[in-house]
Structure formats: C-alpha cells, structure tokens
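Below is one structure, written out as structure tokens, with a few remarks after it.
Atoms within a ligand are numbered from 1 in the order they appear, just like the ligands themselves. Model, not experiment: these values are computed from the prediction. Numbers here are sequence positions counted from 1.
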Amino acid sequence: MVNIINCFMKIETKNLTKNYIIPKSPDVKILKGIDLLIKSGEKVALMGPSGAGKSTLVHVLGLMDKPTSGQVLIDDVDITSFSKAKLAKIRHESIGFVFQFHYLLADFSVLENVLIPVWNNKKKKKEYALEMLKIMGLENRINHMPNELSGGEQQRVALARALINNPKILFADEPTGNLDRQTGEKIENLMFEICSRLKTTLLVVTHSQDLANLADRQIKIIDGQIK
Ligand SMILES: Nc1ncnc2c1ncn2[C@@H]1O[C@H](COP(=O)(O)OP(=O)(O)OP(=O)(O)O)[C@@H](O)[C@H]1O
Ligand SMILES: [Mg+2]
C-alpha cells in the first residue's frame with residue numbers, strides 16, 4: 001500500500017496578492033505579488049517572520065481561501081475562478097493539511113479520526129488506515145481517544161489523517177510547533193520520509209532551520225513577498 005505512487009502535482013502562483021478588508025480602515029495588504037513554483041514531488045520549506053503571510057499563502061495555495069488578485073495554477077490549469085464546489089472537490093481528492101494544532105475530533109477514536117476524510121468509504125480504507133497508523137508507530141493506540149494520547153502521538157494521528165486520501169500535495173503549517181524539540185524532530189523526519197515514499201509534494205511552514213534543512217528547497221517570505 002505505501003508503495004502507491006501518487007500522480008504528481010505541480011502548483012504555481014502568478015503575481016498573487018491577498019488583502020484583508022477591515023471595516024472603516026484601509027485594506028490590509030498581506031501577500032504582495034507572489035510568484036512561486038512548487039514542482040511535482042518537490043519538498044519545500046516556507047520560512048519567514050511571524051505575520052509575514054506564510055499561513056495566508058498556505059490557505060490560498062490549499063484552496064481554502066481566494067486570492068485578491070493573481071493566479072493559482074495546478075498542473076498548469078488556472079483554478080482561480082473555479083466554483084467553491086469544484087475547489088472543494090480538488091481539495092478533498094488531492095490536498096492534505098497538517099496544522100500546528102491537531103484538530104482531532106475528541107469523541108472519535110484514533111482509527112476513526114484517521115478515517116474521517118474517507119468516511120463514506122471507511123470499510124474499504126480501514127486496512128490502509130491501520131497500515132498508516134503502523135508506520136506512525138501507533139498500532140497499539142488505534143482504539144484510544146485523542147485525550148489519551150501524548151501531543152506527539154496526536155500529531156502523528158493528524159499526519160495519518162492528512163495522508164489517508166493519498167493527497168498529491170501536503171501542506172504542513174508549523175506541524176511540530178507545539179511539540180518539544182525531540183518529538184518534533186521525529187515527526188518531521190517521518191513526514192519527510194513518508195512524503196518521499198509516496199511521492200507527495202510537500203510545502204512545510206516552519207520557524208525551524210533544522211526542519212527546513214530536510215527540504216529540497218527553502219523559500220523565505222518577508223512582509224508578503226518572497227525574498
Ligand atoms: N482574517 C484576517 N483579517 C485581517 N488580517 C488578517 C487575517 N488573517 C491574518 N491577518 C493578518 O495577516 C498577516 C499575516 O498573517 P499570517 O497568519 O499569514 O502570518 P504568518 O506568517 O503565518 O505568521 P506566524 O509565523 O505567526 O504564523 C498578519 O499580520 C495577520 O494579522
Ligand atoms: Mg502562521
């Protein structure tokens with residue numbers, strides 16, 4: 001199963017901007033003309049100071065938010081004007097997310113949490129979920145509830161959940177920002193290893209130079225621009 005090779009996915013932006021509209025105030029300009037190309041299968045680290053626009057960029061690239069202007073191209077197709085439903089379909093089929101906080105559902109077991117994105121197909125996907133949890137070293141925790149897990153274990157469940165649908169691209173926004181250094185490093189290594197194995201394109205936002213060093217390439221964003 002873990003030998004499944006994803007169809008690669010390339011993601012590109014052209015002169016991308018994002019402004020937030022604040023009532024009775026001038027628009028806040030966050031992204032100021034981002035030109036970015038993440039090649040298929042590439043692992044990229046996105047760095048930069050707090051407030052620079054990293055999470056905003058990830059939300060736009062992950063099709064959770066619309067840009068103010070400019071284009072997002074997926075495999076050379078401009079998806080900027082796609083309907084919400086079409087974007088949701090691409091997101092569901094091709095994109096995985098891991099955030100700083102795990103967002104596991106408290107009333108569902110570890111295994112059920114991993115199966116949430118494929119709930120309609122959960123019987124078929126169960127074996128894959130179990131295998132993914134084994135890779136994460138959680139085979140003895142499948143029936144536990146999230147509050148019975150350590151922070152690192154919770155984040156590994158979130159990683160398994162993000163990968164259950166074989167996304168072509170994984171966005172990880174400070175995925176280990178809440179963890180101690182040693183636990184964080186283990187999970188970071190695991191994430192890179194599994195993305196290499198599955199040929200999943202990876203964009204990871206981080207403040208850690210050690211984590212960024214694992215990537216094929218590092219990008220820095222400062223005040224809404226790539227430097
Ligand atoms: N919904 C919003 N409305 C207005 N401003 C926003 C909104 N969301 C984010 N911002 C502003 O956009 C800027 C960039 O935020 P963003 O979350 O992208 O930063 P970041 O680079 O991810 O920072 P950090 O490293 O702290 O996570 C910040 O100044 C923030 O206050
Ligand atoms: Mg952020």
Side-chain angles (χ1 to χ4, degrees), residues 11-38 42-74 79-80 82 84 87-88 90-91 95-104 151-152 154-159 161-163 167 169-181 183-185 187-188 191-192 195 200-227:
I11 192 155
E12 190 175 5
T13 67
K14 289 188 179 165
N15 202 16
L16 194 80
T17 74
K18 177 73 185 171
N19 302 346
Y20 286 114
I21 299 161
I22 312 284
K24 295 181 189 160
S25 306
D27 290 1
V28 187
K29 295 180 177 172
I30 306 297
L31 302 178
K32 300 171 182 170
I34 302 275
D35 291 311
L36 178 66
L37 172 63
I38 301 171
E42 197 175 26
K43 293 186 274 304
V44 176
L46 180 60
M47 304 189 79
S50 179
K54 303 181 297 296
S55 295
T56 304
L57 179 59
V58 164
H59 285 103
V60 174
L61 290 175
L63 315 186
M64 291 193 289
D65 205 355
K66 288 251 182 195
T68 302
S69 66
Q71 297 172 309
V72 178
L73 296 101
I74 292 181
I79 54 82
T80 324
F82 278 18
K84 272 190 178 173
L87 293 174
I90 299 174
R91 222 167 38 230
I95 297 176
F97 293 98
V98 191
F99 300 99
Q100 187 168 2
F101 184 69
H102 55 72
Y103 296 114
L104 298 178
Q154 289 169 340
Q155 203 58 335
R156 276 182 275 155
V157 178
L159 183 55
R161 180 186 54 188
L163 294 168
I169 185 162
L170 178 69
F171 292 103
D173 192 352
E174 299 193 51
T176 56
N178 264 333
L179 304 174
D180 67 82
R181 200 186 156 99
T183 309
E185 272 176 14
I187 294 177
E188 287 153 14
M191 184 175 73
F192 273 84
C195 284
T200 309
T201 309
L202 172 68
L203 180 70
V204 57
V205 176
T206 184
H207 290 285
S208 155
Q209 190 58 55
D210 287 342
L211 172 54
N213 290 342
L214 296 174
D216 301 323
R217 188 157 61 96
Q218 299 176 19
I219 295 173
K220 198 164 219 172
I221 181 164
I222 295 177
D223 192 21
Q225 288 178 310
I226 289 186
K227 297 288 176 189

[X] versus [Y]: any side-chain heavy-atom pair under 4.5 Å?
X      : Y      : value
Met191 : Leu159 : yes
Phe171 : Ile11  : yes
Thr80  : Pro67  : yes
Gln155 : Val98  : yes
Leu16  : Leu57  : yes
Phe82  : Leu63  : no

Measuring from the heavy atoms of [X], does anything fall under 4.0 Å of ligand 1?
X      : answer
Ile22  : yes
Ala52  : yes
Ile30  : yes
Gln100 : no

N, O or S of Ser55 under 2.8 Å from the Mg ion (ligand 2):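 Here the distance criterion (N, O or S atom, under 2.8 Å) is met by Ser55, so yes.
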From CD1 (Ile79) to CG (Leu73), nearest 0.5 Å: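 Going from the CD1 atom of Ile79 to the CG atom of Leu73 covers 8.0 Å.
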Between Thr68 and Thr17, a side-chain donor and acceptor under 3.5 Å: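 No donor-acceptor contact under 3.5 Å links the two side chains.
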Shortest protein heavy-atom distance from [atom], along with the residue and atom involved:
atom                    : result
atom 23 (O) of ligand 1 : Gly51 N, 2.8 Å
atom 17 (O) of ligand 1 : Ser55 CB, 3.6 Å
atom 1 (N) of ligand 1  : Tyr20 CE2, 3.6 Å

Any protein heavy atom nearer than 4.0 Å to atom 26 (O) of ligand 1: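 Protein heavy atoms within 4.0 Å of atom 26 (O) of ligand 1 - there is at least one.
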Flag: protein heavy atom within less than 4.0 Å of atom 30 (C) of ligand 1: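 There is no protein heavy atom less than 4.0 Å from atom 30 (C) of ligand 1.
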Report, in ascending order of atom number, the atoms of ligand 1 lying under 4.0 Å from any heavy atom of [X].
X      : value
Thr56  : 14 (C), 15 (O), 16 (P), 18 (O)
Pro49  : 21 (O)
His207 : 25 (O)

Pair Phe99 + Phe101: ring centers closer than 6.0 Å: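 Ring centroids of Phe99 and Phe101 are no less than 6.0 Å from each other.
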Side chain, backbone, both or neither: Val28 near ligand 1, heavy atoms under 4.0 Å: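 Neither part.
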